[in-house]
Structure formats: structure tokens, C-alpha cells
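By convention here, the first residue in the shown sequence is residue 1.
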Amino acid sequence: MEGDKLINSVHSTVFKESDSLKGKCTKIEGYDFNQGINYSKLLKSMLSTGFQASNLGEAMEIVNEMLDWRLSDESITEDCSEEEKDPAYRESVRCKVFLGFTSNLISSGVRDAVRYLTEHHMVDVIVTTTGGIEDLIKCLAPTYKGDFSLPGAQLRSRGLNRIGNLLVPNDNYCKFEDWIIPIFDQMLKEQLEENLLWTPSKLIARLGKEINNESSYLYWAYKARVQPMTICFIRI
């Protein structure tokens, strides 16, 4: 008798009828490359690919929602001003897009993606940390690919620095110092003579202007007037 109960219990567990997921969840399927390469469809297929590809697909959907949104998509509320009720004004108001990233991405080739977004007015505010000004150093001298396993002490004896699997010669930082010190001297002069107050955003805008290099995202932030350009100068 006890044995029958056990068998029935196992049977009900193993052969439990499934809830229907049809119409409730996305069906998992990848891109069919027999259709040729259609980049739009390929990226859209990330949503139904599963694992981390679906996270990428969801991120792209959020980005597209930010780019497409207009104030006119929202209902007019009682506390709206007369300007905010104007249809033309409501159609002109879009999302203020904040782009945040860790500064080590600027040391890598992702810098070029950030530069593209800034150059083409696709972001309004950039938030990063002090290392984000590595962008300026890369305008003066290149960074090279190394390996994560390279020993720091050995590299140091050769005048090289490692950022992950990237290599930065000491000379790069020397060139940066030679470039930035005269600018700081001039900024101090302006502060004393013209009573200017240099906020982090103003400082970064000035450096973007001075570098005058189209490969720099800070240059394009200055040109596109991306404000406020926030960089934290405190490294913990």
C-alpha cells in the first residue's frame, strides 16, 4: 500500500500537466541566416534568442523607446503650463538621455562608440569618472593590446602600464602632462583676472575645446554642447 502511494506520488510529479505558455511568453528561436544578412532583423532576433542575447534585445528596445519618446505621447495634465499644452511644443520635447559608463571603457575601443553617440547628438548628458579623460591622452598617443596575464612588475620595469589587457606606455602620460599644464596655467590666469569659477563641467568643456581632435568624445561634447558634462574628480 505504501509502495503504491509512493509510485503515485512520483508519477504525479513527473507527469504533471504543464501550464500553457503559448501567447504568454516569447518563443525561443534565433535568426535564420538563410534569409541573408538583414542587420535590423538580426538585432531584433536577440529578444527571442535567450540567455544574455535577450538582455541585449531588451536593452535595445529601451534605447529605441528613449529615442522615439516625445512629450506629445503623454496625456495633458491639469498642472501643465500653456506652453506645455501647445501641440508643436509637445512634439519637440524629447527624452533627456544620460549616458553613464566606467572610465575604463574609454581606454578600450568602446571610446569610438561613445564618440559617435556624442558627435551625432544622441546623448544629452555624459556621466563618468576621472579616467574618462584618458580620451585626451589617446589623442596624443595610442594604447596597445596586451594580455590580462602580463605581470605588472615586469611591465613597470619596461615603462609600461596595464589596464586589463591594454598596454599604455609611460610616455603617453608624459605627453599628456606636457599638453595639459600650460592649459591649467592659462585657466588659473583667467580665474584670477576674470573671476571665473571652473566647475568640473566647464573644465572638461575647455579641455575638449583645446584638444581640437575629431577622434575625441570630449571634443564633440564641447562642440555639441552636451551639458552638464559630469566627471567625478574623486577616485575612491
Side-chain angles (χ1 to χ4, degrees), residues 26 38-49 52-77 79-139 163 198-236:
T26 301
N38 182 311
Y39 291 107
S40 178
K41 289 182 178 179
L42 175 60
L43 292 173
K44 190 174 181 180
S45 74
M46 295 293 106
L47 277 169
S48 62
T49 298
Q52 289 178 311
S54 292
N55 292 337
L56 175 61
E58 289 168 7
M60 288 188 289
E61 280 198 329
I62 292 171
V63 169
N64 286 331
E65 285 177 19
M66 287 194 298
L67 296 177
D68 293 340
W69 182 89
R70 295 294 182 273
L71 182 59
S72 55
D73 296 335
E74 308 296 328
S75 301
I76 297 176
T77 58
D79 59 348
C80 283
S81 65
E82 289 304 312
E83 181 182 41
E84 290 171 334
K85 293 177 182 178
D86 178 61
Y89 173 80
R90 296 179 67 80
E91 184 62 32
S92 71
V93 176
R94 61 183 183 83
C95 270
K96 184 175 286 292
V97 179
F98 285 68
L99 175 63
F101 51 86
T102 55
S103 60
N104 61 319
L105 296 185
I106 297 303
S107 302
S108 75
V110 177
R111 168 186 182 242
D112 294 290
V114 174
R115 186 262 310 151
Y116 177 86
L117 295 173
T118 311
E119 177 184 356
H120 295 283
H121 307 271
M122 299 179 77
V123 295
D124 300 293
V125 182
I126 295 177
V127 183
T128 186
T129 50
T130 312
I133 60 172
E134 179 106 9
D135 170 74
L136 302 169
I137 300 175
K138 293 179 82 171
C139 293
I163 306 171
W198 291 104
T199 63
S201 296
K202 288 181 181 178
L203 169 59
I204 296 303
R206 177 61 173 268
L207 296 179
K209 175 184 178 181
E210 294 289 346
I211 198 66
N212 195 28
N213 187 311
E214 293 189 355
S215 72
S216 163
Y217 82 92
L218 294 176
Y219 167 78
W220 286 109
Y222 157 72
K223 291 278 286 186
R225 302 189 186 282
V226 175
Q227 293 291 337
M229 175 91 186
T230 306
I231 291 191
C232 173
F233 284 98
I234 300 174
R235 180 169 286 181
I236 300 175

Give a yes or no answer on whether the side chain of [X] reaches the backbone of [Y] with a donor-acceptor pair at less than 3.5 Å.
| X | Y | answer |
| --- | --- | --- |
| Thr128 | Phe101 | yes |
| Asp73 | Arg70 | yes |
| Glu84 | Ser81 | yes |
| Arg115 | Ser216 | no |
| Lys138 | Ile106 | yes |

Does anything in residues 208-220 pair up under salt bridge (charged side-chain N to carboxylate O under 4.0 Å, His left out), and if so which pairs, sequence neighbours excluded?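 Residue pairs passing salt bridge (charged side-chain N to carboxylate O under 4.0 Å, His left out), neighbours aside: Arg206-Glu210.
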
Given the rule in the side chain to side chain contact (heavy atoms under 4.5 Å, CB included) test, do Tyr116 and Met122 qualify, once you have shown the distances and angles that lead to the verdict? CA-CA 8 Å; Tyr116 177 86; Met122 299 179 77; 4.0 Å; yes

In the structure I gave you, are the side-chain heavy atoms of [X] and [Y] within less than 4.5 Å of one another anywhere?
| X | Y | value |
| --- | --- | --- |
| Leu47 | Thr26 | no |
| Trp69 | Glu74 | yes |
| Leu67 | Val63 | yes |

List the atom of [X], the atom of [Y], and the distance in Å for their closest heavy-atom pair.
| X | Y | result |
| --- | --- | --- |
| Ser215 | Cys139 | OG-SG, 3.8 Å |
| Asp135 | Tyr217 | OD1-N, 3.1 Å |
| Leu105 | Val110 | O-CB, 3.7 Å |
| Glu83 | Tyr89 | O-CD2, 3.1 Å |

With sequence neighbours left out, write down each residue that passes side-chain hydrogen bond (donor to acceptor under 3.5 Å, both in side chains) with [X], or none if nothing qualifies.
| X | value |
| --- | --- |
| Asp112 | none |
| Thr118 | none |
| Thr77 | Asp79 |

Supply the atom-to-atom distance Met46 CE to Gln52 CD, rounded to the nearest 0.5 angstrom.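 Rounded to the nearest 0.5 Å, the CE-CD separation comes to 12.5 Å.
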
Approximate separation, where rounding is to 0.5 Å, of Leu218 CG and Leu136 CG: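 Going from the CG atom of Leu218 to the CG atom of Leu136 covers 5.0 Å.
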
Considering residues at least two apart in sequence or located in another chain, which fulfil the salt bridge (Lys or Arg N to Asp or Glu O under 4.0 Å) criterion with Glu82?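 Checked Glu82 against salt bridge (Lys or Arg N to Asp or Glu O under 4.0 Å); matches are Lys85.
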
Residues that Arg94 engages under salt bridge (Lys or Arg N to Asp or Glu O under 4.0 Å), provided they are two or more places apart: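 With neighbours one apart ignored, the set is Asp124.
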
Report the residue from Leu203, Thr199, Ile204 that forms a side chain to side chain contact (heavy atoms under 4.5 Å, CB included) with Ser201.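 The side chain to side chain contact (heavy atoms under 4.5 Å, CB included) with Ser201 is passed solely by Thr199 among Leu203, Thr199, Ile204.
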
Intermediate values then yes/no, side chain to side chain contact (heavy atoms under 4.5 Å, CB included), Ile211 and Tyr222: CA-CA 10 Å; Ile211 198 66; Tyr222 157 72; over 6 Å; no

